[in-house]
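The structure displayed is predicted, hence computed values, not measured ones. Hydrogens, waters and symmetry mates are skipped; everything else that's a heavy atom, side chains included, is used.
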Amino acid sequence: MHRFQVVEDARTWIGPPECSGKDVKFTASPMDPDVIADITPMGQMGGDHVTPTDHTYFYHDRPEVFPPPYDIRAPADGYIVKLRTMGGHLRPSTEDPDGRWEDWRLIIWHSCTVSTIYIHVGGIAPEILDQAENRLEWPEFRWEGSPAIPVKAGQVIGKAHYRYGLDFSVHDIGVILSGFVVPSHYTSPWKIHTVDPFDYFAEPLRSQLLVKNARTAEPRGGKIAYDIDGRLVGNWFLEGTVTYNASGPLSVPYGWYGHLSIVYDYYDPTLIRISIGADTGIDESGCSQCAGNYGVKGNAPDPATITVDSGLVKYELLGRFGYPSLTGLNDQRRILGVFLVQMLDDRTIKVEVVPDRTADEVDGFSDSARNYRR
């Protein structure tokens with residue numbers, strides 16, 4: 001019987017001795033490579049994903065077919081330790097002609113250190129559901145416990161969601177990302193252990209999956225951690241919210257409302273991206289791709305070069321075109337506003353967004369400016 005416990009903010013096995021230090025290689029794809037239309041790398045931003053996303057997106061080639069025709073599989077031997085439904089999604093029925101499919105999140109541990117997280121699985125295999133303990137009435141189905149549910153590499157664990165595709169991420173607690181200045185602020189225990197998923201797939205499967213990924217820069221799976229202490233680049237949190245989940249004295253409508261990222265594009269890392277959770281007042285009509293995530297006129301200055309000594313910096317914000325057919329293109333036709341920023345100390349910045357203005361039309365901060373911290 002395999003049980004697990006919380007150790008150093010991550011889940012690890014209390015199990016057989018051979019578990020320790022096990023080298024994990026994925027021999028099966030979460031989705032059949034032949035039906036994958038696109039794999040979006042980590043680091044995408046927009047909407048409630050203000051900071052770079054810690055998962056890849058697997059999109060299949062029949063997004064409007066209901067029920068979804070494709071299987072979701074375990075990439076390697078392991079144990080399912082957590083299973084729950086995502087909020088607000090229904091079982092399909094004849095009374096629901098739009099047929100929103102079941103929507104599940106699950107965690108599989110493949111060794112003492114390596115786990116995978118699946119989000120938007122469109123239905124769990126019956127033999128797995130039958131083993132889950134403490135089943136509650138739909139839709140509040142949540143299971144987490146022991147004994148864990150064993151799975152084998154390539155075993156069908158569910159169905160692809162007919163609209164969402166699949167969110168897939170890999171986490172290795174033997175790896176701690178250096179690009180988070182204050183790791184303890186990332187209260188989701190897996191976040192700081194996120195790794196490039198392609199590095200864990202065995203050949204020739206790795207190459208078959210990379211063909212579906214339009215990012216050519218290294219790391220091929222994308223990047224999520226950009227912080228440099230004393231530099232502007234990276235993630236910031238609205239003063240008073242303290243952490244990624246917005247714990248702290250300041251009340252915000254959503255955790256991501258207090259997030260700010262000044263980083264780089266997830267396909268083309270030569271392009272600066274500014275992603276903002278708080279209300280900006282920017283008119284995004286005509287920019288369906290924006291969702292609070294903007295390009296920069298002139299693509300300068302590089303935020304990795306900005307320090308306290310740089311003083312006030314003005315970024316003119318641009319909209320973005322869609323991906324991947326127009327990868328790397330900013331919409332130069334209209335400046336959406338000005339992003340003012342100044343580093344007050346190595347871990348505090350002052351920020352203001354002035355909509356519908358150019359840099360020449362803005363002299364400095366107003367009373368609307370806010371502070372953000374690491």
Name the orientation class of the two ring planes belonging to [X] and [Y] (parallel below 30°, tilted from 30 to 60°, perpendicular beyond 60°).
X	Y	value
His171	Trp190	perpendicular
Phe168	Phe201	tilted
Tyr57	His49	perpendicular

Is the shortest heavy-atom distance from the side chain of [X] to the side chain of [Y] under 4.5 Å?
X	Y	value
Leu340	Phe365	yes
Ile117	Arg105	yes
Ser29	Leu205	yes

Is it the case that one hydrophobic cluster holds both [X] and [Y], taking links as side-chain heavy atoms less than 4.5 Å apart, direct or via other members?
X	Y	answer
Val338	Leu318	no
Phe339	Val313	yes
Val233	Val296	yes
Val121	Ile39	yes

Find the distance between [atom1] ([X]) and [atom2] ([Y]) and round it off to the nearest 0.5 Å.
X	Y	atom1	atom2	value
Leu317	Thr358	CG	OG1	12.0 Å
Ser169	Asp54	OG	CG	5.5 Å
Asp265	Thr270	CG	OG1	8.0 Å
Glu127	Ile157	CD	CD1	10.5 Å
Glu316	Tyr294	CD	OH	15.0 Å

Using a 3.5 Å distance criterion without hydrogens, assess whether the side chain of [X] forms a donor-acceptor pair with backbone atoms of [Y].
X	Y	result
Asn299	Ile272	yes
Thr40	Thr56	no
His193	Val114	no
Arg84	Leu106	no
Arg73	Ala153	no
Asp196	Gly221	yes
Lys25	Asp199	yes
Asp283	Ser285	yes

| task | Evaluate the criterion side-chain hydrogen bond (donor to acceptor under 3.5 Å, both in side chains) for residue pair Tyr70 and Asp34; output intermediate values, then yes/no. | result | CA-CA 11 Å; Tyr70 299 131; Asp34 290 339; over 6 Å; no

| Would you say the ring centroid of Tyr186 lies under 6.0 angstrom from that of Phe237? | yes

| Stepwise, does the salt bridge (charged side-chain N to carboxylate O under 4.0 Å, His left out) test hold for Asp229 with Arg347? | CA-CA 7 Å; Asp229 207 6; Arg347 297 189 181 181; 2.9 Å; yes

| task | Given salt bridge (charged side-chain N to carboxylate O under 4.0 Å, His left out), test Lys212 with Asp38 step by step and report yes or no. | result | CA-CA 5 Å; Lys212 308 290 183 173; Asp38 174 67; over 6 Å; no

| field | Arg334, CZ atom: more than 12 neighbouring heavy atoms under 6.0 Å | value |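 It does: Arg334 CZ has more than 12 such atoms within range.
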
| field | Minimum heavy-atom distance between Lys191 and Ile224, given as atom pair plus value | value |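 Looking at all heavy atoms of both residues, the closest pair is O-CD1, 4.0 Å.
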
| field | Closest heavy-atom pair and its distance - His120, His161 | value | O-CB, 3.2 Å

| task | Would you check, one step at a time, whether the test side-chain hydrogen bond (donor to acceptor under 3.5 Å, both in side chains) holds for His110 with Thr116? | result | CA-CA 8 Å; His110 303 283; Thr116 52; 2.8 Å; yes

| field | Geometric cation-pi criterion, Arg374 with Trp236: 6.0 Å, 45° | value | yes

| task | Assess whether side-chain hydrogen bond (donor to acceptor under 3.5 Å, both in side chains) is satisfied between Thr348 and Asp345, documenting all intermediate values. | result | CA-CA 5 Å; Thr348 309; Asp345 59 45; 3.0 Å; yes

